[in-house]
Amino acid sequence: MSTAVLKVTSMAGEVTVPQGQPRFIIGRARNSDHVIADSQVSRQHLMIEQIGPGWAVRDVSTNGTWLSGARMLNVVEVRGETRFRLGTPSGPEVIIRAESTGRPGDGYGDTGGAYGDPYGGGDGYGSSFSADADQHTMLPGQADYLPPRASQRSTNAPSREMAHSGAVAGGPAAGRGGPGGAPRQPAGHARLDREHERSTTYPLRQGTMTIGRARGSDIVIADLLASRHHATLTIRGGSIDLVDHDSANGTFVDGRRIQRAQVAQGSIIAIGHHVLQVEGDQLVEYIDSGDVSFEAEHLNVWAGDKQLMHDMTFRLPGQALLGVVGPSGAGKSTLLGALTGFRPANEGTVRYAGRDLYDEYDELRRRIGYVPQDDILHTSLTVRRALEYGAKLRFPPDVTEAERARRIDEVLAELNLTPHASTVVARLSGGQRKRVSVALELLTRPTLLYLDEPTSGLDPGMDLQVMQSLRALADDGRTVIVVTHSVAQLDLCDYVLVLAPGGHVAYFGPPGDALPFFGEQGYPWVFLRLQDDPGAESAARFRQSRHYVPASVTAPSARPEPEELPSIRQQTVLSQLVSLSKRTMSVIASDKGYLRLAVAFPFVLGTIPRFIGGDFADTNDKFTPNSNGPTIFLIMVLCACFMGMSNSVREIVKERAIYQRERAIGLSRTAYVGSKVLVLFIITALQAIPFTVIGLAGRQPPGALLLGNSLLDCMLAIFIVTFASGMIGLVISALVDNADKTMPLLVIVTMIQLVFSAGIVPVSGQVGLQQVSVISPARWGYAALASDADFNVITRAGVQRPKTVNGQPVASGETIPINPNSPERDALFDHTKKQFAMDIGGGLAVTVVFVGLTAVLLRRLDPKTNRKKKATPATK
């Protein structure tokens, strides 16, 4: 009797399925029986099972298998030769055929061998994967936690040659609709990408099942991005209801955040880095292990009528390091904005793990890390202190201080920063400081990391150190994309993307092939050549080369304006307000130069009015006004305006990069502005006391109004004008993009306030000037002081005396004002409690106006606002 053998043929060669082996695994994982090193292939893709005298092929992948052009949905029995396509209809081909050997069959015993339940149910194949995948998400300190293992590039990362065969620019894009692409999933159902690791299976039982980070949950999500009591599943008959319990980072079903939703078969529930898929009567947990593909297809960007990016298409496998280079004006910043989702392309698609980044941005942005060119931390804090504040803002409020500390220790160890944990960031070298910025992003375990010019300004040694760190991060399970002007270390990258002016792809592929492709001896010559040649010609030259593989034939589609999503916040607004206020106070306390200046201001400026003699008493002279009081108050108001604006004029602009990054991960604008207002309120109050006492001690106005003491009344007025001027400083700080631009504006605004104060030029009755002056803090502060000192009386405002000639009154009875500088009474100077309170109220109203204006100006920096792009017609 003859027996049959089963042979498997693919791009990796041909193997024979061993006799007696009950299960045979085909996949990308190194311990698969037949390894196919292609990014379209799942780690476990096909499982061949021996059934009686024959074999059956089962699809165990998450990206799908195609048979005769249709997606394989059922188990396929192998008879003769069967051809499969993995990942997409045009993916790697696997041929499985049964051949007769003519030898007696020896049967198939039950070995129970090394291949157990591929879903993680036993101690064989599946178990080995679940432990390896889960080590990146289990919480430190738990009994079953395994510390991260440094992967070796030579074994974990696919070779450049093998990976490039499936990941060249314009390569087949998994999941794209249209000819040559996989059909889209039906509406309401998402799919898991091939690189998600299958971890644990939970039987769905009737009743309620709790989901969260707490150990007592029915489904434990071991991820700091999950809340302790995150959500609940309620199963009644065949109905599955999911309810989010006001979790910090949200619960998502098929890429959409929900409060309550019904879950259908095949739907994907996403919580943090974990996804749960309903499969029959089970809930299967998958973990985003970081080995995920990344694709950009047909990205086009316009700014008005000018096109900044042209048909940008490339694809990366998991654990890849991509270097993006090009001459100035090539569109590197535009590309980075499109890839991060901060400024989406007008046309085209960005896919992360096979999912549309723009459509599912609200969920996927938690898995993206972004390190801008500027430092995203306060350099006056120590490394650990800066990371503590970052962790406080990034993790849910129920994450304990001990849990945050353990995560910080992990990140410091991963980036070799543990010895520098107590060092002030400003004292670190350039390379170490950049690693601290990276550490801040790694707190939430992002699987996609972008860096904008991380080696800018560094010497060659630091340049190498930073690029080596990025290489290690990619090998450890991340996709890393770095935009750089430095070309010395590009050989550490897996791929290089060279851009031509105008946002064209001039080259995409292994770094070793880049210079031969251009026929130049170095990148400086390449850049000069790209600047001389039109970008369209450079792109056409690349498309005609062997490095280019066309993508889908589907024309790029216009991207509609994305849906405005409600904000997700890890902390409540009040909690963020407290954390940000504490951080601002810590930054001030650690910045000795700023602290000394803030302390010196009231004492130095308070002495200036002392050089002006006189007081605020009524002269009791019928015709002589008191000019000393108004001058003293004018100088004090001018100093208060300058002091207030000096306190705040750099507060926002110096944190511009920090604000933008934190805003992208859920920072409340209200909490941010509120923290600045609160801290400035405290500083202003502490400054107003010594400033007023020094300037007015022994010569305060004789009549008290609101507070029962004229010195306290004056102190309140000084506080109002200083605090309101501080809010003007915040407006200036939010308006400019460089701290150097603040000082000229500070001087100009101070001089304008001097004019509007009515201390030099009478404002009352002046058309235009009187109306505009109401927005000036100096106008209301000076008016409150004048009301307290009764300036209308002591300056003889509006008081007339007979006109005389040679000492004799004019017969006609003409009169002239006693005080020419104050020809009319100013109603805001009336010496009444009501008027004084109205002057103080006017100052507070102006303060509120400028706080609101600051918040409005900050909207320009919001990544979420920048995501709302107007669709551009494809025919443009």
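Counting from 1, the numbers follow the sequence of the chain as shown. Small disclaimer: the values here were computed from a predicted structure and weren't measured.
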Least distance between heavy atoms, L730 atom then I652 atom: O-CD1, 3.8 Å
Donor-acceptor contact below 3.5 Å, side chain D459 vs main chain M462: yes
Expected output: side-chain H230 to main-chain S227 donor-acceptor under 3.5 Å: yes
Salt-bridge criterion met for D494 and R471 (N-O under 4.0 Å): yes
R583 and E662 ion-paired at < 4.0 Å: yes
Any donor-acceptor N or O pair under 3.5 Å, side chains E441, Y370: no
Approximate separation, where rounding is to 0.5 Å, of D452 CG and K332 NZ: 9.5 Å
Under 3.5 Å donor-acceptor, N249 side chain and L225 backbone: yes
Electrostatic pair E388-K582, nearest N-O below 4.0 angstrom: no
Heavy-atom donor-acceptor pair, R404 side chain to V399 backbone, under 3.5 Å: yes
N/O donor-acceptor pair under 3.5 Å between T382 side chain and R385 backbone: yes
Donor-acceptor under 3.5 Å (H273 side chain, R445 main chain): yes
CG-OH distance between L364 and Y358, expressed to the nearest 0.5 angstrom: 12.5 Å
Under 3.5 Å, which donor-acceptor pairs do the side chains of residues 371-379 form with other protein atoms, sequence neighbours left out?
residue	atom	partner	partner atom	Å
Q373	NE2	S456	OG	3.2
H378	NE2	E655	OE2	2.6

Pair S486, D463: side-chain N/O donor-acceptor within cut-off below 3.5 Å: yes
From CZ (R435) to CG (L473), nearest 0.5 Å: 10.5 Å
With sequence neighbours excluded, residues passing side chain to side chain donor-acceptor pair (under 3.5 Å) with S575: Q571
Pair R213 + D398, salt bridge at N-O below 4.0 Å: yes
More than 12 heavy atoms from other groups under 6.0 Å of NE2 on H245: yes
Those residues that, when tested against Y594, pass ring-ring contact (aromatic ring centres under 6.0 Å, His included) (two or more places apart): none
Donor-acceptor contact below 3.5 Å, side chain T742 vs main chain R650: no
Point-to-point distance, once rounded to the nearest 0.5 Å, from CD of Q489 to CG of L464: 4.5 Å
Audit row: R367, E360, salt bridge (Lys or Arg N to Asp or Glu O under 4.0 Å) steps and yes/no: CA-CA 12 Å; R367 308 180 192 184; E360 303 182 30; over 6 Å; no
Distance-minimising heavy-atom pair for L336 and Y450: CD1-CD2, 3.7 Å
Sidechain-backbone polar pair: S247 side chain, G250 backbone, donor-acceptor under 3.5 Å: yes
F508 and Y495 aromatic ring geometry - parallel, tilted or perpendicular at 30°/60° bounds: parallel
Donor-acceptor under 3.5 Å (S668 side chain, A671 main chain): yes
Worked verdict on R407 versus D409 for salt bridge (Lys or Arg N to Asp or Glu O under 4.0 Å): CA-CA 5 Å; R407 181 60 191 146; D409 289 338; over 6 Å; no
Y659 backbone acceptor or donor facing Y672 side chain under 3.5 Å: no
Distance-only polar pair, side chains of Q576 and S579, donor-acceptor under 3.5 Å: no
Side chains of S590 and S380, donor plus acceptor under 3.5 Å: yes
